[in-house]
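Following: one structure in structure tokens, then a few remarks.
Just so it is clear, the values below take in all heavy atoms, side chains as well, and ignore hydrogens, waters and symmetry mates. If you're wondering where the values come from, they're calculated on a predicted model, not measured in any experiment. Remember, it's 1-based here, ligands and their atoms both numbered in the order they're listed.
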Amino acid sequence: METVQCIGCGVLIQTEDPTKLGYAPASSLEKEEVICQRCFRLKNYNEIQPVELTDDDFLKILNGLGDQKGLIVKIVDIFDFNGSWLPGLHRFVGNNPVLLIANKADLLPKSVKKNKVINWLKREAKSLGLQTADILLVSAAKGQGMVEAMDAIEQLRKGENVYVVGSTNVGKSTFINRIIKQATGEEQVITTSQFPGTTLDMIQIPMDDGKSICDTPGIINHHQLAHYVDPSELKLILPKNEIKPKVYQLNAEQTLFIGGLARFDFIQGDRSAFTAHLSNQLTIHRTKLSNADALYADHKGELLSPPGKNHAEKYPELVRHEFSIKSPKMDIVFSGLGWITCQTGNVVVAAHVPKGVAVMVRPSLI
Ligand code: GDP
């Protein structure tokens with residue numbers, strides 16, 4: 001088949017999958033100049049549309065970033081920090097500065113001090129090997145922290161381009177759309193412009209000084225729980241509002257079921273407090289460790305839901321990960337679902353998640 005490129009961003013046009021990079025309706029191929037759906041929406045509605053791409057495509061884009069000059073803006077989801085982290089980014093950015101933006105601040109309990117979260121982000125970024133020029137906490141959806149973010153971008157980019165990267169669902173499109181609206185007002189029509197010879201498949205949103213904000217497509221992080229649930233149930237899992245932490249005083253050999261999605265066992269240690277940070281819409285069931293297997297086998301999809309009746313069969317088998325926690329205030333993170341904070345140290349716990357979903361331990365965020 002003859003290959004056709006988008007006149008906006010240079011991506012190869014495909015007509016099969018609207019959620020993937022380079023999609024254009026088949027009818028548009030008859031035109032002389034073909035524009036992909038993402039560029040079309042930017043041009044006509046001033047709106048960035050989220051798209052996904054494969055791991056290989058993403059590596060190609062990351063590789064290209066090191067050859068460019070400009071500011072890298074890396075967006076992560078504060079509710080799913082580890083799940084939305086792009087692990088290899090520091091190897092690809094070359095000498096370019098990285099501004100780390102943690103989005104969805106509105107989901108954190110209001111009582112949490114912003115500085116504490118920023119300090120936590122600093123430590124985590126450092127231990128994950130990323131050097132950052134600055135770290136900011138924003139809510140792109142609610143507009144919190146966006147003025148500071150735009151100021152920081154302006155300062156750090158030193159007159160160069162801005163490259164925005166992030167995994168899918170971190171709110172990258174919401175963030176860029178807000179920048180477009182705040183910078184231009186609704187009126188002005190934005191056009192896409194391809195830098196000659198670019199192979200980066202990026203949408204470039206021109207700024208006043210002739211430089212651009214470049215939107216890269218989002219990478220899918222396969223170890224996030226979101227990829228294992230039916231899309232119709234995803235809205236129960238992803239929090240929409242400020243999360244209300246729930247405290248459980250547990251004795252050893254007690255279990256918490258997070259719906260039917262995951263399970264937390266307190267195996268050994270003195271009676272202690274465990275704080276669940278999950279979507280408010282999820283129901284937690286407490287039971288004896290000795291009953292837990294049978295309860296799950298009998299009530300998955302019913303008492304223990306989501307996944308609901310229609311999806312429980314397809315939901316992957318849970319795999320057990322055991323942790324011996326020495327220090328107090330450690331989070332057991334269920335990638336994409338939330339976390340449970342062990343308030344005291346010297347406990348042995350286990351997390352059960354679908355095969356393929358990551359579980360990790362980290363110093364408490366809150
Ligand atoms: P992208 O895939 O990274 O481009 O992400 P989107 O911009 O499409 O957003 C993914 C989801 O996160 C959508 O459901 C958004 O409504 C939601 N979202 C984006 N920004 C925020 C935010 O600041 N707070 C909250 N609570 N949700 C957000």
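For atom 12 (O) of ligand 1, the nearest protein heavy atom (residue, atom name, distance) is Lys104 NZ, 3.1 Å. The single protein non-hydrogen atom nearest to atom 19 (C) of ligand 1 is Thr174 OG1, 3.4 Å, given as residue, atom name and distance. Nearest protein heavy-atom neighbour of atom 3 (O) of ligand 1: Lys172 N, 2.8 Å. In terms of protein heavy atoms, atom 10 (C) of ligand 1 is closest to Asn169 OD1, 3.4 Å. Of the protein's heavy atoms, Asp106 OD2, 2.9 Å lies nearest to atom 26 (N) of ligand 1. The nearest heavy-atom contact from the protein to atom 20 (N) of ligand 1 is Asn103 ND2, 3.2 Å. In terms of protein heavy-atom proximity, atom 8 (O) of ligand 1 is nearest to Pro50 CG, 3.5 Å.
The shortest N or O to N or O distance between Val170 and ligand 1 is under 3.5 Å. The shortest N/O to N/O separation between Lys142 and ligand 1 does not fall below 3.5 Å. For ligand 1, one of its N or O atoms has an N or O atom of Ala141 under 3.5 Å away. Any N or O atom pair closer than 3.5 Å counts here, and Gly171 shares at least one such pair with ligand 1. In terms of polar-atom proximity, Ala140 is counted as a contact of ligand 1, with an N or O under 3.5 Å from an N or O of the ligand.
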Hey, mind stepping through Ser272 and Gln249 against side-chain hydrogen bond (donor to acceptor under 3.5 Å, both in side chains) and telling me if it holds?
CA-CA 6 Å; Ser272 28; Gln249 301 288 343; over 6 Å; no

Test ring pair (Phe, Tyr, Trp, His ring centres under 6.0 Å) on Tyr228 and Tyr315 and set out the steps.
CA-CA 7 Å; Tyr228 297 83; Tyr315 193 67; 7.8 Å; no

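In this structure, Asp106 does not pair ionically with Lys104, as no charged nitrogen and carboxylate oxygen lie closer than 4.0 Å. In this structure, Glu124 does not pair ionically with Lys122, as no charged nitrogen and carboxylate oxygen lie closer than 4.0 Å. Remark: Arg38 engages Asp215 in a salt bridge, criterion side-chain N to carboxylate O under 4.0 Å.
Residue-environment remark: CG (Asp270) stays at or below the threshold of 12 foreign heavy atoms within 6.0 Å.
When each atom of ligand 1 is checked for a heavy atom of Leu107 under 4.0 Å away, the hits are 26 (N). Close approach to Ser173 involves these atoms of ligand 1, each under 4.0 Å from a residue heavy atom: 1 (P), 4 (O), 7 (O). Of all atoms in ligand 1, listed by their number and element, those nearer than 4.0 Å to a heavy atom of Thr168 are 2 (O).
For atom 1 (P) of ligand 1, a protein heavy-atom neighbour is found at a distance under 4.0 Å. Counting protein heavy atoms under 4.0 angstrom from atom 14 (O) of ligand 1 gives zero.
Here the side chain of Asp230 pairs a donor or acceptor atom with the backbone of Ser232 at under 3.5 angstrom. Side chain of Gln14 to backbone of Leu21: a donor-acceptor contact under 3.5 angstrom is found.
Val319 and Leu304 are members of different hydrophobic clusters when ILVMFWY side chains are connected at heavy-atom separations under 4.5 Å.
Between His277 and Trp339, the ring planes lie parallel to each other; the angle is under 30°, not in the 30° to 60° tilted range.
A heavy-atom distance below 4.5 Å is not found between the side chains of Glu322 and Val349.
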